[in-house]
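Shown next, in structure tokens, is the structure this report addresses.
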Amino acid sequence: MAIELVPDWMAELEEEDVTFIKKFLLASGSLKEMARQYGVSYPTVRLRLDRLIQKIQISEHTEGDPYIALVKRLAVEEKLDFGTAKILIAAYKSARSGETATQGSTTKEDSV
């Protein structure tokens with residue numbers, strides 16, 4: 001049975017990540033074998049696997065909010081530092097909670 005729909009967490013991965021996953025499966029999950037195939041050290045492969053795991057976890061935990069998922073993904077990919085990511089997410093959440101509070105209050109004119 002073929003997968004008809006690609007899960008969101010997988011659709012958000014880059015082609016390079018999907019290739020890594022395929023090689024990892026074909027190597028029966030051996031990080032030593034992966035290190036040999038890529039010509040890098042075991043810790044380098046471990047770090048790449050850890051970052052891939054973080055990407056998947058991010059998309060699982062932030063499915064309802066693409067902005068937060070994007071900021072976290074950029075931080076994991078080291079395109080944005082974690083301190084800046086935290087500031088952006090906090091400001092975004094603060095702005096959203098302000099919108100929710102404003103939207104939740106209605107006046108007599110609003111309810112007519």
Side-chain angles (χ1 to χ4, degrees):
M1 177 178 172
I3 298 176
E4 292 182 25
L5 296 174
V6 176
D8 289 340
W9 66 266
M10 188 177 271
E12 293 177 9
L13 295 177
E14 296 173 14
E15 186 176 338
E16 185 178 309
D17 294 330
V18 175
T19 300
F20 182 86
I21 291 170
K22 180 180 176 181
K23 286 184 174 189
F24 183 70
L25 291 173
L26 292 173
S28 299
S30 169
L31 295 179
K32 285 182 182 180
E33 175 58 23
M34 293 293 289
R36 189 192 64 71
Q37 286 182 29
Y38 279 100
V40 296
S41 68
Y42 178 95
T44 301
V45 173
R46 182 71 234 184
L47 180 63
R48 182 158 183 196
L49 179 61
D50 289 342
R51 286 192 178 141
L52 184 54
I53 290 167
Q54 286 178 327
K55 284 183 184 181
I56 293 169
Q57 288 172 335
I58 287 168
S59 55
E60 290 283 304
H61 295 296
T62 57
E63 285 179 357
D65 202 320
Y67 177 78
I68 292 175
L70 172 64
V71 171
K72 287 183 175 182
R73 196 171 330 111
L74 289 172
V76 168
E77 294 171 358
E78 297 181 343
K79 294 178 181 173
L80 184 66
D81 67 88
F82 281 103
T84 303
K86 286 181 180 181
I87 291 168
L88 290 172
I89 291 170
Y92 174 74
K93 285 181 176 180
S94 177
R96 288 208 50 195
S97 66
E99 284 177 19
T100 305
T102 305
Q103 291 172 356
S105 61
T106 58
T107 63
K108 288 182 181 178
E109 291 117 16
D110 290 341
S111 59
V112 174

[atom1] of [X] to [atom2] of [Y]: how many Å apart, nearest 0.5 Å?
X: R36; Y: L31; atom1: CZ; atom2: CG; value: 13.5 Å
X: L52; Y: Q57; atom1: CG; atom2: CD; value: 10.0 Å
X: I56; Y: I21; atom1: CD1; atom2: CD1; value: 5.0 Å
X: T84; Y: L74; atom1: OG1; atom2: CG; value: 11.0 Å
X: K23; Y: T19; atom1: NZ; atom2: OG1; value: 7.0 Å
X: L26; Y: Q37; atom1: CG; atom2: CD; value: 8.0 Å

May I ask whether [X] and [Y] are part of the same hydrophobic cluster, defined by side-chain heavy atoms of I, L, V, M, F, W, Y residues being less than 4.5 angstrom apart, directly or through others?
X: I89; Y: I87; value: no
X: V71; Y: F82; value: no
X: L80; Y: Y67; value: yes
X: M34; Y: L47; value: no
X: I53; Y: V40; value: yes

Partner residues of F20 under the ring pair (Phe, Tyr, Trp, His ring centres under 6.0 Å) criterion, sequence neighbours left out: Y38
K32: side chain to side chain donor-acceptor pair (under 3.5 Å) partners, not counting sequence neighbours: none
Given K55, R48, K22, the one that forms side chain to side chain donor-acceptor pair (under 3.5 Å) with D17: K55
